[in-house]
Amino acid sequence: MKIRPFALADESTVIVLWQACGLTRPWNDPHRDIQRKLSEQPELFLVAVEGDTLVGSAMVGFDGHRGWVYYLAVSPEHRRLSIGRALMQEAERLLMERGCPKINLLVRSTNAEVLAFYDRLGYTRDDVVSLGRRLIPDN
């Protein structure tokens with residue numbers, strides 16, 4: 001398995017992966033999310049490939065204060081092979097290179113399997129409430 005930066009040719013496969021993993025939502029256009037990421041720190045948009053098969057993704061960012069990970073996904077057929085762990089290790093490495101002191105991520109509170117995954121990686125739950133406001137509608 002190899003981790004490399006996202007390439008434009010990966011777009012449709014990445015979106016299918018996100019859909020298979022239940023990461024897409026009607027109010028977020030995945031094509032627009034990808035285009036937005038490619039305009040800011042595109043080298044931090046990672047994909048995992050096994051041979052010619054794209055099997056994982058992670059969209060990483062650093063704002064100078066905190067690092068963030070979005071769209072961490074591993075294809076259902078390739079889970080339990082440490083691909084998610086490898087993507088997170090690479091995300092952490094890239095963020096530490098930039099002097100990032102802390103990494104944050106969002107997980108839906110109902111997603112017990114993913115919460116357990118992050119527990120195993122040593123992530124802890126912060127006592128915060130996530131707030132948001134849509135500035136640019138995707139639909």
Between Y71 and W18, how do the two ring planes meet: parallel, tilted or perpendicular, split at 30° and 60°?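 Parallel: the ring planes of Y71 and W18 meet at under 30°.
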Start with the C-alpha distance between S82 and Q89, add both sets of side-chain angles, then the distance that settles side-chain contact (heavy atoms from CB on, under 4.5 Å), and finish with yes or no. CA-CA 10 Å; S82 296; Q89 287 173 338; over 6 Å; no
Report the C-alpha distance between R93 and E97 in whole Å, list the side-chain angles of each, state the deciding distance to 0.1 Å, and finish with yes or no for salt bridge (Lys or Arg N to Asp or Glu O under 4.0 Å). CA-CA 6 Å; R93 185 187 71 76; E97 278 182 358; 2.5 Å; yes
Specify the closest pair of heavy atoms between [X] and [Y], including all atoms of both residues, with the distance to one decimal.
| X | Y | value |
| --- | --- | --- |
| L23 | A73 | CD1-CB, 3.7 Å |
| F117 | L72 | CE2-CD2, 3.7 Å |
| C21 | R79 | SG-NH2, 3.1 Å |
| G67 | F62 | N-CD1, 4.0 Å |
| S130 | L106 | OG-CD2, 4.1 Å |
| K37 | V60 | NZ-O, 2.6 Å |

Who are the salt bridge (Lys or Arg N to Asp or Glu O under 4.0 Å) partners of R25, not counting sequence neighbours?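 Expected list: none.
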Could you work out, with salt bridge (Lys or Arg N to Asp or Glu O under 4.0 Å) as the rule, every residue matching E43, not counting sequence neighbours?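 Residues passing salt bridge (Lys or Arg N to Asp or Glu O under 4.0 Å) with E43: R98.
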Do the side chains of [Y] and [X] get nearer than 4.5 Å, heavy atoms only?
| X | Y | result |
| --- | --- | --- |
| E90 | L87 | no |
| R66 | P101 | yes |
| R134 | N28 | yes |
| V69 | E92 | no |

According to a hydrophobic-cluster definition based on side-chain heavy atoms being under 4.5 Å apart (Ile, Leu, Val, Met, Phe, Trp, Tyr only), do [X] and [Y] belong together?
| X | Y | value |
| --- | --- | --- |
| V114 | Y70 | no |
| V107 | M88 | yes |
| M96 | Y123 | no |
| L115 | I103 | yes |
| W68 | L38 | yes |

Name every donor-acceptor pair, under 3.5 Å, that has one atom in a side chain of residues 3-16 and the other anywhere in the protein, sequence neighbours excluded.
| from | atom 1 | to | atom 2 | distance (Å) |
| --- | --- | --- | --- | --- |
| R4 | NH1 | D10 | OD2 | 2.8 |
| R4 | NH2 | D10 | OD1 | 3.0 |
| R4 | NH2 | D10 | OD2 | 3.4 |
| D10 | OD2 | A7 | N | 2.7 |
| E11 | OE2 | H31 | ND1 | 2.7 |

Which one of V55, L81, I83 satisfies the side chain to side chain contact (heavy atoms under 4.5 Å, CB included) criterion with V74?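 Result: among V55, L81, I83, I83 is the only option passing the side chain to side chain contact (heavy atoms under 4.5 Å, CB included) with V74.
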How about CD on Q19, more than 12 heavy atoms from neighbouring residues, nucleotides or ligands closer than 6.0 Å, or not?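 Counting other residues, nucleotides and ligands, CD of Q19 exceeds 12 neighbours.
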NZ/K102: more than 12 non-hydrogen atoms of other groups inside 6.0 Å: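 Counting other residues, nucleotides and ligands, NZ of K102 exceeds 12 neighbours.
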V47 and L17: CA distance, side-chain angles, deciding distance, side-chain contact (heavy atoms from CB on, under 4.5 Å) verdict: CA-CA 11 Å; V47 295; L17 171 68; over 6 Å; no
Find the distance between CG (D119) and CZ (R125) and round it off to the nearest 0.5 Å.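 So the CG of D119 and the CZ of R125 are separated by 4.5 Å.
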Could you go through the side-chain contact (heavy atoms from CB on, under 4.5 Å) check for R36 and D138 one step at a time? CA-CA 12 Å; R36 290 173 179 134; D138 278 1; 2.8 Å; yes
